[in-house]
Chemist: 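Below you'll find the structure I mean.
Because only heavy atoms are used, hydrogens play no part in the values below, and waters and symmetry mates are left out as well, while side chains stay in.
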Amino acid sequence: MDTPLKNLAVIGAGAMGSGIAALFASKGLNIVLIDPMPGALDRARAVIDRQLNVYAPDQVQESLARIRMDASLQAASTSELVIEAVPENLELKRGLFAQLDALCPAHTLFATNTSGLSINAIASAVARRDRFVGTHFFTPADVIPLVEVVRNDETSEATVAQVMATLRFAGKRPVLVRQDIPGFIANRIQHALAREAISLLEKGVASAEDIDEVVKWSLGIRLALSGPLEQRDMNGIDVHYAIASYLYKDLENRTEPSDLLKSKVDSGQIGAKSGQGFYTWSPERRERVLREKSAALGELTAWLNSKADDS
């Protein structure tokens, strides 16, 4: 079960699907990238070319040659593993997998890339629930090392082993999420952090720039090397308990999105893609920041991997 699967299909040629395809192709696997939307595959080819030039410039043409592009779902029928990366819509994903279940042979494994939808709910659309997992990639999918592999209630050990072996072969660091809970691990922690940050901004405690500065240059640097539970051990669980005893009651704990967050969405200020969010974004700035941060994340990842290999 430690042998990686070599023939993969990726459904959905947006930013996430394109990144997943680029990653696996750069590691020597055969990919069919599928998207029926007009123009989607042409845009994906440009994105993949750009990304490969960032982290695998000497393998661009070789990697692109391993990616076959097709508009028909039928093209997935010969794949050993199908990774779905379509928009976060439960019924869309369920309908897609119902079609794939009829098209693909019984041995094909299915993986849904979702950041928080129920794996059980999506898997209920297929008969092969033992061969179905969640694979939560992070943006950019070809750069961020971690993938959350999420079981549904019927996922077999063999399926977990094969999917994780394939991810490791591609240089990923998969972790197994044993229970299908909303948001899995990373998004639960990320949303807890963001909820507090937005609350601080809403209350006027500090500017968006200064809140981000605090996180990047204190917590962010430390979290790259030591997770929150290891940090509690290092600092002393007794110290954490003492602070938690008075601080927890003052932390943001609302169970609905804040008024500030709702007003941003209602007014169309949804971030870089609209030109305005917590910051102002010109198209040029958005493209520059995406390019620079992707390259920097690649360099940071390589350095962290070298440290992990030395330890």
Side-chain angles (χ1 to χ4, degrees), residues 114-116 118-119 134-140 143-151 160 164 167-168 171-262 264 271 277-279 289 293 296-311:
T114 174
S115 58
S118 167
I119 306 304
T135 48
H136 178 209
F137 289 79
F138 295 80
T139 305
V143 176
I144 302 296
L146 193 113
V147 179
E148 292 177 319
V149 177
V150 189
R151 308 180 72 129
V160 169
M164 294 186 85
L167 290 166
R168 290 192 187 101
K172 290 297 188 180
R173 302 176 73 94
V175 298
L176 178 60
V177 182
R178 298 170 183 161
Q179 299 177 28
D180 178 23
I181 60 171
F184 316 135
I185 298 171
N187 269 328
R188 293 176 78 94
I189 294 172
Q190 178 173 241
H191 276 263
L193 174 65
R195 180 172 64 177
E196 186 63 37
I198 292 169
S199 176
L200 291 168
L201 179 63
E202 193 173 40
K203 293 171 181 174
V205 173
S207 66
E209 292 83 357
D210 282 349
I211 292 168
D212 281 349
E213 191 82 352
V214 168
V215 174
K216 287 190 292 186
W217 292 100
S218 62
L219 307 180
I221 288 176
R222 194 164 60 184
L223 285 170
L225 297 172
S226 180
L229 299 180
E230 184 181 44
Q231 284 180 25
R232 301 290 75 77
D233 272 2
M234 297 290 289
N235 295 341
I237 295 174
D238 56 332
V239 175
H240 179 83
Y241 179 82
I243 296 172
S245 296
Y246 69 81
L247 184 58
Y248 277 16
K249 64 176 66 73
D250 198 56
L251 293 177
E252 182 58 69
N253 65 355
R254 71 182 81 188
T255 58
E256 297 292 334
S258 71
D259 292 342
L260 174 59
L261 193 57
K262 184 177 186 303
K264 289 286 186 186
F278 296 116
Y279 295 84
V289 169
K293 287 191 183 296
L297 282 169
E299 293 174 9
L300 176 60
T301 297
W303 183 82
L304 288 170
N305 278 329
S306 71
K307 293 300 178 183
D309 292 341
D310 291 343
S311 62

Chemist: Report the residues that fulfil side chain to side chain donor-acceptor pair (under 3.5 Å) with Ser258, sequence neighbours left out, ordered by chain and then residue number.
Modeler: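 Scan of Ser258 (side chain to side chain donor-acceptor pair (under 3.5 Å), adjacent residues dropped) gives none.
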Chemist: To the nearest 0.5 Å, tell me how far Leu201 CG sits from Ile198 CD1.
Modeler: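 Here the interatomic distance stands at 8.0 Å.
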Chemist: Within the structure provided, determine whether Val177 and Val149 are in side-chain contact (heavy-atom separation under 4.5 Å).
Modeler: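 The answer is no; the side chains never approach within 4.5 Å.
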Chemist: Applying side-chain contact (heavy atoms from CB on, under 4.5 Å), can you list everything that pairs with Pro228, at least two apart in sequence or on another chain?
Modeler: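 Scan of Pro228 (side-chain contact (heavy atoms from CB on, under 4.5 Å), adjacent residues dropped) gives Leu223, Arg232.
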Chemist: So, the side chain of Ser306 versus the backbone of Trp303: is there a donor-acceptor pair under 3.5 Å, distance only?
Modeler: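 Yes; at least one donor-acceptor contact below 3.5 Å.
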Chemist: Table please: side-chain donor-acceptor pairs of residues 185-197 below 3.5 Å, with sequence neighbours left out.
Modeler:
residue : atom : partner : partner atom : Å
Asn187  : OD1  : Gln190  : NE2          : 2.8
Asn187  : ND2  : Ser115  : O            : 2.8
Arg188  : NH1  : Pro182  : O            : 2.9
Arg195  : NH1  : Arg254  : O            : 2.7
Glu196  : OE1  : Glu252  : N            : 2.8

Chemist: Let me check something: any side-chain donor-acceptor pairs from residues 204-216 under 3.5 Å, sequence neighbours excluded? List them with distances.
Modeler:
residue : atom : partner : partner atom : Å
Ser207  : OG   : Asp210  : N            : 3.1
Asp212  : OD2  : Tyr279  : OH           : 2.7

Chemist: Any heavy-atom pair between the side chains of Glu148 and Thr135 that's under 4.5 Å?
Modeler: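 Answer no - side chains too far apart.
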Chemist: For Ser226, enumerate each residue passing the side chain to side chain donor-acceptor pair (under 3.5 Å) test, keeping only those at least two apart in sequence or located in another chain.
Modeler: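 Checked Ser226 against side chain to side chain donor-acceptor pair (under 3.5 Å); matches are Glu230.
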Chemist: Got a sec, which residues hit side-chain contact (heavy atoms from CB on, under 4.5 Å) with Tyr248, two or more places apart in sequence or on another chain?
Modeler: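 Tyr248 satisfies side-chain contact (heavy atoms from CB on, under 4.5 Å) with His240, Ala244, Leu251 once adjacent residues are dropped.
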Chemist: With sequence neighbours left out, write down each residue that passes side-chain contact (heavy atoms from CB on, under 4.5 Å) with Ile243, or none if nothing qualifies.
Modeler: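 side-chain contact (heavy atoms from CB on, under 4.5 Å) check on Ile243 returns Val239, Tyr246, Leu247.
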Chemist: Just to verify, what does Lys203 make a salt bridge (charged side-chain N to carboxylate O under 4.0 Å, His left out) with, not counting sequence neighbours?
Modeler: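 Testing Lys203 for salt bridge (charged side-chain N to carboxylate O under 4.0 Å, His left out), a comparison that skips the adjacent residues, returns none.
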Chemist: Between Arg151 and Leu176, is there a side-chain heavy-atom distance shorter than 4.5 Å?
Modeler: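 The answer is yes; the side chains approach within 4.5 Å.
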Chemist: Say whether, by atom type as modelled, one donor and one acceptor occur between the side chain of Lys172 and the main chain of Met164 under 3.5 angstrom.
Modeler: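 Judged by distance alone, no pair lies under 3.5 Å.
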Chemist: If you compare all heavy atoms of Gly134 against all heavy atoms of Ile119, which two are closest, and at what distance to 0.1 Å?
Modeler: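 Of all heavy-atom pairs spanning Gly134 and Ile119, the closest is CA-CD1, 3.6 Å.
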Chemist: When you compare the side chain of Asp233 with that of Leu229, does any pair of heavy atoms fall below 4.5 Å?
Modeler: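 A side-chain contact is absent here, since even the closest heavy-atom pair is not under 4.5 Å.
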Chemist: Mind checking whether Ile144 and Phe137 have side chains closer than 4.5 Å, heavy atoms only?
Modeler: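 Of all side-chain heavy-atom pairs linking Phe137 with Ile144, none is under 4.5 Å.
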Chemist: Is any side-chain heavy atom of Leu304 closer than 4.5 Å to one of Leu225?
Modeler: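 Yes, side chains in contact.
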Chemist: What are the two closest non-hydrogen atoms of Asp180 and Ser118, and how far apart are they?
Modeler: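 That would be OD2-OG, 2.9 Å.
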Chemist: Checking Lys293 now: which residues fulfil side chain to side chain donor-acceptor pair (under 3.5 Å) with it, not counting sequence neighbours?
Modeler: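 Applying side chain to side chain donor-acceptor pair (under 3.5 Å) to Lys293 gives none.
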Chemist: ring-ring contact (aromatic ring centres under 6.0 Å, His included) with Phe278: which residues, sequence neighbours excluded?
Modeler: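 Scan of Phe278 (ring-ring contact (aromatic ring centres under 6.0 Å, His included), adjacent residues dropped) gives none.
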Chemist: Who passes side chain to side chain donor-acceptor pair (under 3.5 Å) against Arg222, sequence neighbours left out?
Modeler: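 Expected list: Gln231.
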Chemist: Walk me through whether Arg173 and Asn305 qualify under side chain to side chain contact (heavy atoms under 4.5 Å, CB included).
Modeler: CA-CA 10 Å; Arg173 302 176 73 94; Asn305 278 329; 3.5 Å; yes
